[in-house]
Amino acid sequence: MSLKGVILLKNYSCGELNKRHLGTEVSLAGWVDRRRDHGGLIFIDLRDREGIVQVVFNPEVSPQCHEIASQMRSEYVIRVVGMVTARPKGTENSKLATGEIEVVIQDAEILNPSLTPPFYINEETEVDESLRLRYRYLDLRRPRMKQNLILRYRVERAIRNFLDSKGFIEVETPILIKSTPEGARDYLVPSRRHLGSFYALPQSPQQLKQLLMVAGVEKYFQLARCFRDEDTRADRQPEFTQLDLEMSFIDEEDILGLVEEMLTSLVAAVKPGVKLLTPFPRLSYTEAMENYGTDKPDLRFGMKIADLTDIAQESGFTIFESAVASGGKVKGICAPGSADYTHKQFDELNQLARGLGAGGIITISLSRAAGSRDELTMEMVRSVAAKFLTLEQIKRMASRLEANPGDLLLIIAGKPEVVNLVLGELRQEMGARLKLADPAQLAFGYIVNFPLLHWSKEMGRWEAEHHPFTMPRDEDIPLIDTAPEKVRGRHYDIVGNGYEIGGGSLRIYQAELQRKIFRLLGYKDNEIEPLFGHLLEAFSYGAPPHGGIALGIDRLVMLLAKEKTIREVIAFPKTQEATDLTFKAPSPITEEQLAELHLCLREED
RNA sequence: GGCCCCGUGGUGUAGCGGCCUAACAUGCCACCCUGUCACGGUGGAGAUCAGGGGUUCGAAUCCCCUCGGGGUCGCCA
């Protein structure tokens, strides 16, 4: 990358200069990163997007420039003209890419002074995030944030190039569209021209891309902004970017294969050091829940959950017995090398487990004294359950969890969903504590065979697991009327390092089946028409079989940048309270604006 | 909506009932300094301890409320 030739005030960028430019007169412009004033000589580290170069003001070369340089301060915008010169022997700086040379200045001007910045731009110190967000334009000058912006651009460019090479076209879809009843809360935009009516910002271009398939686009993608008025998290923002993608005349394999190829080549291009699992592992939803306790497992490490119910129910241990008697399960994980966990450490884990609904954790600690699992004796086992279990039963549990002497078994008894949930969280916690995940790895994997529906207690009706347009598996279609919970959807998720990176499905393309699903979701026929009539109508004009996927770009870039939140890879993110601290948005509007929109504000109690 | 954490000169931290008239580092300002690169030296300015209320002889410190930021549960098809 180079700014060369783009801007007239400069003909080289600071970061690109090296020994090859010796003797060249260069014109540079940028920001003062740091000034070192020796009274005689003044050194300035001049920074632009491409890097830093040392420029030297020598009063013997130009007393006027030296005088101007003495006025310069951090973050002043300056322009200089000078000669690229080899640094005197012994004064080279190997820490700087441009450290073999310097620019001896013959002409200089201050283009714009700067106030002292509210935080360090030239140091990688932690700064309060609200301050960074208030002055985001300064925060983005810092090298780490600049690198994140560039990385994001490269990811998006690689995606566009890849999909272009596969015959996809990018189509823009409306931002002002229609509110939909399913899913998240909509961001709404009042219509000036239609009293009492509102547009909604898209939660995703889902229906639009399906209509593009009906339109015969066949291979569509879009780097699409999506909006959901829900509470934020480290990996969730009110607005975010999806790679939205849809294809006609395909099945699951086409999508999964395409995305795998895309991500593999993308990672190789932007982060060659990152290791992937290839081919991407595929787990059924059931396997993921049973073995990892979550539908978005971190596949960088094992520590799989194992079912111990059969062994546990042979014991005389009340906690195990009563769990099994009430239809529950007993399952566990093995924390390697954690046999000597302290009381305090147990307490922390117990608190975590209780907070998630478990009664508590039963631990079995296997002493290091044994040379192997077979050599264990009762004396080497530490557990409140020990006197209710035979040595043989303990060995069977250890064997099923692939535990060895020195390891710690964490066992949960209770309702199957709670057991999986708690062990899933304990697995994450222990994985983090024991640093089991290779930080250089990005473990993508597919989760397939999700249930199509789940029963919503609060709504008292079936809800779509993914969204109401997901195609059921052919062989499960008869179950829609008899056992909706057993219907599996042709839906797939992609996970990466424990994050849901994306999800997609094959879609329903027959109006009648779609209508049937809407009815199952509790819509009356007279409600379906105004809400989804446009889609059903489209399906009656020759809709091709189609399907697609959407990937969360923010999360993907976050993982590639090794950041902890997606805010670090978004130029102007919002706070947890969904405000923009740079603009101070949202903000009140005037009475005139309200009146024009036919709106008045309600008094709240 | 619930729970948890944080808020002290510009920035990052220390102080956690009296030793605080608030410390340290850095930044900032002035002066000195021709080979530094986190330059160095000398001197200086800079804080109603987020805001409000309470407890106490006495509060940066303990309690309550509010505001702001973060994490998380709910929520996010």
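Because the structure is predicted, anything quoted here is derived from the model rather than measured. In what follows, chains carry the letters A, B, and so on, assigned in the order in which the sequence lines appear, proteins first and then strands, with residues in each chain numbered from 1.
A donor and an acceptor atom never sit less than 3.5 Å apart when one is taken from the side chain of A/R35 and the other from the base of B/rC37. Remark: the A/R34 side chain and the B/rC37 base include no donor-acceptor N/O pair separated by less than 3.5 Å.
Taking a pair to require two hydrogen-bonding distances under 3.5 Å in either a Watson-Crick or a G-U wobble arrangement, B/rC37 remains unpaired.
Summarising the geometry, the separation between CZ on A/R134 and P on B/rG10 is reported as 12 Å, rounded to the nearest angstrom. Atom CG in A/N58 sits about 15 Å away from atom P in B/rU36, given to the nearest Å. Separating the CG atom of A/D231 from the C1' atom of B/rG70 is a distance of 14 Å, rounded to the nearest angstrom.
Distances were taken from every side-chain heavy atom of A/L131 (C-beta onward) to each of B/rU11, B/rG74, B/rG71; the shortest belongs to B/rU11. For A/Q576, counting side-chain heavy atoms from C-beta on, the closest listed nucleotide (B/rU36, B/rG70, B/rA38) is B/rG70.
Checking A/R134, A/R142, A/R141 one by one against A/L138, the side-chain contact (heavy atoms from CB on, under 4.5 Å) holds for a single residue, A/R141.
A salt bridge does not link A/R185 with A/D229: every distance from a Lys NZ or Arg NE/NH1/NH2 to an Asp or Glu carboxylate oxygen is 4.0 Å or more. In summary, A/R228 and A/E239 do not engage in a salt bridge, as defined by a charged side-chain N under 4.0 Å from a carboxylate O. With salt bridges taken as basic N to acidic carboxylate O contacts below 4.0 Å, one links A/D525 and A/R519.
Across all strands shown, A/L356 has no heavy atoms under 4.0 Å from either base or sugar-phosphate atoms. Nucleic acid contact for A/E92: base, since at least one base atom lies under 4.0 Å from a heavy atom of the residue. Among the protein residues, A/D128 comes within range of the sugar-phosphate backbone only, with heavy atoms under 4.0 Å from sugar or phosphate atoms but none that close to a base.
Take the nearest nucleotide of RNA chain B for A/Q203 and for A/A234: the residue whose nucleotide is more 5' is A/A234.
Remark: the separation of the P atoms in B/rA14 and B/rC6 is 11 Å, to the nearest Å. B/rA50 sits 15 Å from B/rA59 when the P atoms are compared, rounded to a whole Å. Comparing B/rG7 with B/rU13, their P atoms are spaced 9 Å from each other, to the whole Å. Taking atom P on both nucleotides, B/rU26 is separated from B/rA38 by 14 Å, rounded to a whole Å.
A donor-acceptor pair under 3.5 Å is formed between the side chain of A/T565 and the backbone N or O of A/R567.
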